S.K.: 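Once you've had a glance at the structure underneath, I'll fire off some questions.
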Amino acid sequence: MADLASTRQLLVRMRFTNAAADLIVGEQGVDQLSEIKILTDDEIESLCKVVRRPGGTLPNPNAAVAGEPATIPARGESISMIAESNLKLASYFLRHHERIS
């Protein structure tokens, strides 16, 4: 449980939004530094792409209103280029630190 909270806070400090950090830690399961360390730049780009546009549908909170569909498209969360770049740098730093230690 402590890993989840600390990794989520790390992502927020790297300039991810709270919602994007929750999705990365919760749904994508990146909840430890060791998992960030093994990500390549391409995998980080893919991770951010999945969080930005997850696909699928969600239950519509307004489904009880006449004319509203039962489900709506999952919109995803915004991730800035700076946040994505910071995650790439963190992954590189962790691998570099392991090499020189």
Side-chain angles (χ1 to χ4, degrees):
M1 188 62 126
D3 285 341
L4 294 174
S6 61
T7 304
R8 184 188 171 288
Q9 186 60 33
L10 172 73
L11 292 170
V12 169
R13 287 180 179 255
M14 280 193 242
R15 303 182 92 183
F16 284 87
T17 63
N18 288 324
D22 288 339
L23 288 173
I24 291 171
V25 170
E27 288 188 21
Q28 299 304 318
V30 180
D31 58 359
Q32 295 179 353
L33 288 178
S34 60
E35 293 169 356
I36 292 174
K37 179 176 62 177
I38 63 172
L39 293 174
T40 64
D41 285 354
D42 290 338
E43 290 171 336
I44 290 171
E45 289 172 10
S46 295
L47 173 68
C48 290
K49 187 176 182 180
V50 166
V51 172
R52 285 182 185 122
R53 296 207 174 103
T57 58
L58 301 169
N60 186 352
N62 298 325
V65 177
E68 290 287 329
T71 60
I72 55 175
R75 301 196 72 178
E77 292 298 326
S78 136
I79 296 176
S80 69
M81 187 62 80
I82 292 172
E84 185 174 338
S85 179
N86 286 342
L87 186 57
K88 288 178 184 179
L89 289 170
S91 177
Y92 174 80
F93 173 78
L94 291 169
R95 286 191 308 273
H96 176 70
H97 187 66
E98 182 178 49
R99 275 179 267 171
I100 63 172
S101 292

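No experiment lies behind these values; they were computed from the predicted model shown. Numbers for residues simply follow the sequence, beginning at 1.
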S.K.: Answer yes or no: does atom CZ of Arg53 have more than 12 heavy-atom neighbours from other residues, nucleotides or ligands under 6.0 Å?
M.R.: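 Open.
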
S.K.: Would you please name every residue forming a salt bridge (Lys or Arg N to Asp or Glu O under 4.0 Å) with Arg52, sequence neighbours left out?
M.R.: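 With neighbours one apart ignored, the set is Glu84.
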
S.K.: Would you give the length of the straight line joining atom OG of Ser85 to atom CD of Glu45, rounded to the nearest 0.5 angstrom?
M.R.: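 Spacing of OG (Ser85) from CD (Glu45) equals 10.5 Å.
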
S.K.: Who pairs with Ala74 by side chain to side chain contact (heavy atoms under 4.5 Å, CB included), at least two apart in sequence or on another chain?
M.R.: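 Checked Ala74 against side chain to side chain contact (heavy atoms under 4.5 Å, CB included); matches are Pro54, Leu58.
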
S.K.: So, taking the atom named NZ in Lys88 and the one named CG in Asp42, what distance separates them when rounded to the nearest 0.5 Å?
M.R.: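 CG of Asp42 is found 8.0 Å from NZ of Lys88.
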
S.K.: Might you point out which heavy atoms bring Pro59 and Ile72 nearest each other, and give the distance in Å?
M.R.: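 Closest pair (atom of Pro59, atom of Ile72, distance): O-CG1, 4.4 Å.
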
S.K.: Would you mind reporting whether Ser80 and Thr17 have side-chain heavy atoms less than 4.5 Å apart?
M.R.: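 The answer is no; the side chains never approach within 4.5 Å.
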
S.K.: Leu39 and Ser91: which non-hydrogen atoms are nearest, and at how many Å?
M.R.: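 Scanning both residues completely, I find the closest heavy atoms to be O-OG, 2.7 Å.
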
S.K.: Can you list everything that forms a side-chain hydrogen bond (donor to acceptor under 3.5 Å, both in side chains) with Asp41? Sequence neighbours excluded, please.
M.R.: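 Result, side-chain hydrogen bond (donor to acceptor under 3.5 Å, both in side chains) vs Asp41: none returned.
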
S.K.: Looking at CZ of Arg13 and OG of Ser6, how far apart are the two atoms once the value is rounded to the nearest 0.5 Å?
M.R.: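 Those atoms lie 11.5 Å apart.
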
S.K.: Taking the side chain as every heavy atom from C-beta outward, state whether Arg8 and Asn18 have any pair of such atoms under 4.5 Å apart.
M.R.: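 They are in contact (side-chain heavy atoms under 4.5 Å apart), so the answer is yes.
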
S.K.: First locate atom CD1 of Ile24, then atom CD of Glu77, and finally report the distance between them rounded to the nearest 0.5 Å.
M.R.: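 So the CD1 of Ile24 and the CD of Glu77 are separated by 10.0 Å.
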
S.K.: Look at the side-chain heavy atoms of Ile, Leu, Val, Met, Phe, Trp and Tyr, link any pair under 4.5 Å apart, and say whether Leu87 and Tyr92 land in one connected group.
M.R.: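 No; tracing contacts between hydrophobic side chains, which count when under 4.5 Å, never links both residues.
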
S.K.: Would Leu47 end up clustered with Leu33 when hydrophobic side chains under 4.5 Å apart are linked, directly or stepwise?
M.R.: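 The answer is yes; both residues are in one hydrophobic cluster.
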
S.K.: Output yes when a side-chain donor or acceptor of Asp3 lies under 3.5 Å from a complementary backbone atom of Gln32, and no otherwise.
M.R.: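 Side chain of Asp3 to backbone of Gln32, a donor-acceptor pair under 3.5 Å: no, none is there.
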
S.K.: Excluding sequence neighbours, so at least two apart, what forms side chain to side chain contact (heavy atoms under 4.5 Å, CB included) with Thr71?
M.R.: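 Here the qualifying residues are Thr57.
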
S.K.: Kindly compute the distance separating CD (Glu98) from OG (Ser34), expressed to the nearest 0.5 Å.
M.R.: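 Reported to 0.5 Å precision, the distance equals 10.0 Å.
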
S.K.: Using the side chain to side chain contact (heavy atoms under 4.5 Å, CB included) criterion, which residues pair with Lys49? Sequence neighbours excluded.
M.R.: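 With neighbours one apart ignored, the set is empty.
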
S.K.: To the closest 0.5 Å, what do you measure between CG (Asp31) and OG1 (Thr7)?
M.R.: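 Spacing of CG (Asp31) from OG1 (Thr7) equals 6.0 Å.
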
S.K.: Is Arg99 atom CZ crowded by more than 12 heavy atoms from other residues, nucleotides or ligands, each under 6.0 Å away?
M.R.: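 Yes, the 6.0 Å shell around CZ holds more than 12 heavy atoms from other groups.
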
S.K.: Do Met14 and Ile44 belong together in a cluster built from hydrophobic side chains that touch within less than 4.5 Å?
M.R.: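 Met14 clusters together with Ile44.
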
S.K.: Using the rule that two of Ile, Leu, Val, Met, Phe, Trp, Tyr join whenever any of their side-chain heavy atoms come within less than 4.5 Å, decide whether Leu94 and Leu11 are in one cluster.
M.R.: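 Cluster IDs for Leu94 and Leu11 match.
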
S.K.: Quick one, Ile36 with Leu10, criterion side-chain contact (heavy atoms from CB on, under 4.5 Å). Give me CA distance, side-chain angles, the key distance, then yes/no.
M.R.: CA-CA 11 Å; Ile36 292 174; Leu10 172 73; 3.9 Å; yes

S.K.: Tell me every residue that passes side chain to side chain contact (heavy atoms under 4.5 Å, CB included) with Arg15, counting only those two or more places apart in sequence or in another chain.
M.R.: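 Listed in chain order: Ile82, Ala83, Asn86.
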
